[in-house]
Amino acid sequence: MPFEADLAHALDRTTGSVEPDVSSLMSGAVERGRIQRRRRNTRILAAGAGACAVVAAAALVLPGALAGTRSGGSDLEMVALAAPRSAISGDQMTQAVEKTFPGARFSKRSGQSNNPFDPSAGMVANGGMVVDDGHGAAYVGVSAMRLKLPLQDGAGLSCEQTPARAEGDTCRLSELPDSAEIPGGAMVMYEQTAAGRPVRQDTAHRWTVTVTMKKTGAELRMVQWNSTGGGDDGNMPKATRQAPPLTEQQAVAALTGATWAPIRGAVA
């Protein structure tokens with residue numbers, strides 16, 4: 001998959017110009033940060049919020065594109081990131097993605113390491129690939145990052161955005177209680193977005209699950225396509241299946257479960 005997608009192009013959330021390659025997961029990271037409207041003043045962080053609310057596509061991070069802050073645009077606040085506590089390699093990320101889908105076939109693997117000792121080299125680790133679980137090929141990408149503590153007052157991840165979501169696109173928020181697996185609890189945001197307009201029967205969609213740990217600031221984001229990925233308006237892969245490989249509940253369980261525990265621990 002191409003590594004150098006046009007960042008601005010990938011930020012377009014209302015057309016089919018999303019790119020599920022290495023740049024897109026980063027694009028989404030930069031795209032909105034945690035949506036914080038200016039009416040909520042200039043607070044940098046919100047409790048349990050994610051550094052980015054949505055990924056423009058299932059993909060990875062541009063090297064060095066994040067050096068401690070993110071901005072989603074003219075109507076969005078900056079969001080502060082903290083250096084991860086330990087290095088995470090691209091191979092660790094891709095291996096964790098594979099373990100999330102036992103028995104599946106994989107292709108087009110790509111990954112990127114973070115670098116806690118050099119913020120300019122990137123604070124986000126990620127991995128992605130095409131997953132075929134027997135129900136149709138689907139591109140899946142996961143990113144891992146850490147928000148700067150303390151997480152301050154606020155409602156958490158926001159489904160608000162500018163411009164407004166296109167008709168048919170959905171977003172909802174929920175919380176996970178304090179538990180042995182998730183000390184302090186977590187915020188969850190789940191989004192479904194069409195990759196092209198007008199939406200047809202074979203239009204690809206992406207599903208984004210963002211889990212932000214309130215106590216540690218660790219954030220994991222999984223983006224799933226029901227196709228082999230996005231592209232530009234003239235090169236948009238068709239849907240290969242009706243639904244993503246994992247439901248919202250399955251994705252949350254995976255990101256908060258044993259497979260991703262080493263990644264969560266290394267991040268925060």
Side-chain angles (χ1 to χ4, degrees), residues 1-32 52-63 65 90 93-98 100-101 104-112 124-144 166 168-169 190-210 220-248 251 254-255:
M1 288 194 174
F3 199 89
E4 305 88 356
D6 182 344
L7 182 60
H9 190 59
L11 298 185
D12 182 355
R13 299 184 46 80
T14 61
T15 70
S17 57
V18 287
E19 220 28 78
D21 53 51
V22 170
S23 65
S24 301
L25 207 85
M26 177 66 198
S27 302
V30 176
E31 177 185 4
R32 286 198 288 127
C52 25
V54 107
V55 215
L60 310 177
V61 174
L62 284 172
M93 293 296 293
T94 55
Q95 288 166 10
V97 173
E98 291 179 354
T100 303
F101 301 94
R105 296 190 301 256
F106 308 101
S107 61
K108 298 183 179 181
R109 297 172 179 83
S110 57
Q112 181 180 300
V124 182
N126 45 67
M129 64 195 65
V130 173
V131 176
D132 189 342
D133 58 0
H135 301 286
Y139 195 90
V140 179
V142 179
S143 65
D169 291 351
Y190 181 72
E191 300 171 276
Q192 178 180 338
T193 308
R197 305 290 171 186
V199 177
R200 298 181 296 269
Q201 186 173 359
D202 60 354
T203 297
H205 288 72
R206 69 175 183 268
W207 289 262
T208 306
V209 174
T210 304
L220 296 181
R221 175 172 299 96
M222 176 183 290
V223 181
Q224 304 176 87
W225 284 81
N226 64 340
S227 72
T228 55
D232 56 30
D233 290 331
N235 187 30
M236 182 69 65
K238 304 299 184 183
T240 55
R241 52 194 294 158
Q242 291 297 312
L246 299 180
T247 65
E248 175 185 3
L255 295 177

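All heavy atoms count here, side chains included; hydrogens, waters and symmetry mates do not.
Side-chain contact between E191 and V209: absent, with no pair of heavy atoms (C-beta onward) separated by less than 4.5 Å. Counting heavy atoms from C-beta outward, V223 and R221 have side chains that approach closer than 4.5 Å. Contact of the T208 side chain with the T193 side chain is not registered, since no non-hydrogen atoms from C-beta on lie closer than 4.5 Å. At least one side-chain heavy atom of F101 sits under 4.5 Å from a side-chain heavy atom of L246.
The backbone N or O of K238 sits nowhere less than 3.5 Å from a side-chain atom of D202 that would complete a donor-acceptor pair. Not a single donor-acceptor pair under 3.5 Å links the side chain of S143 to the backbone N or O of N126. Between the side chain of E248 and the main chain of Y190, no donor-acceptor pair closer than 3.5 Å is present.
If you check the side chains of W207 and Q192, you find a donor sitting under 3.5 Å from an acceptor.
Between atom OG of residue S110 and atom OH of residue Y139 there is a gap of 3.5 Å, rounded to the nearest 0.5 Å.
Remark: E98 engages R109 in a side chain to side chain donor-acceptor pair (under 3.5 Å) (not counting sequence neighbours). Evaluation of the salt bridge (charged side-chain N to carboxylate O under 4.0 Å, His left out) rule for D133 yields R241 as partners, not counting sequence neighbours.
Nearest approach of A243 to N226, heavy atoms of both residues: O-CB, 4.1 Å. The shortest non-hydrogen separation linking Q224 to P245 is OE1-CD, 3.2 Å. Considering all non-hydrogen atoms of both residues, P237 and A204 come closest at O-CB, 3.8 Å. For the residue pair A194 and T203, the shortest heavy atom distance occurs at CB-CG2, 4.5 Å. Residues M222 and T100 come closest through the heavy atom pair CE-CG2, 4.2 Å. The minimum heavy-atom distance between T228 and V130, with the atom names listed, is O-CG2, 4.1 Å.
A salt bridge is defined here as a Lys NZ or Arg NE, NH1 or NH2 lying under 4.0 Å from an Asp or Glu carboxylate O, and R197 with D169 meets this definition.
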Item to check | Working for side chain to side chain contact (heavy atoms under 4.5 Å, CB included), residues H135 and T240 | outcome: CA-CA 8 Å; H135 301 286; T240 55; over 6 Å; no
Item to check | Full working for side chain to side chain contact (heavy atoms under 4.5 Å, CB included) between V142 and L255 | outcome: CA-CA 9 Å; V142 179; L255 295 177; 4.2 Å; yes
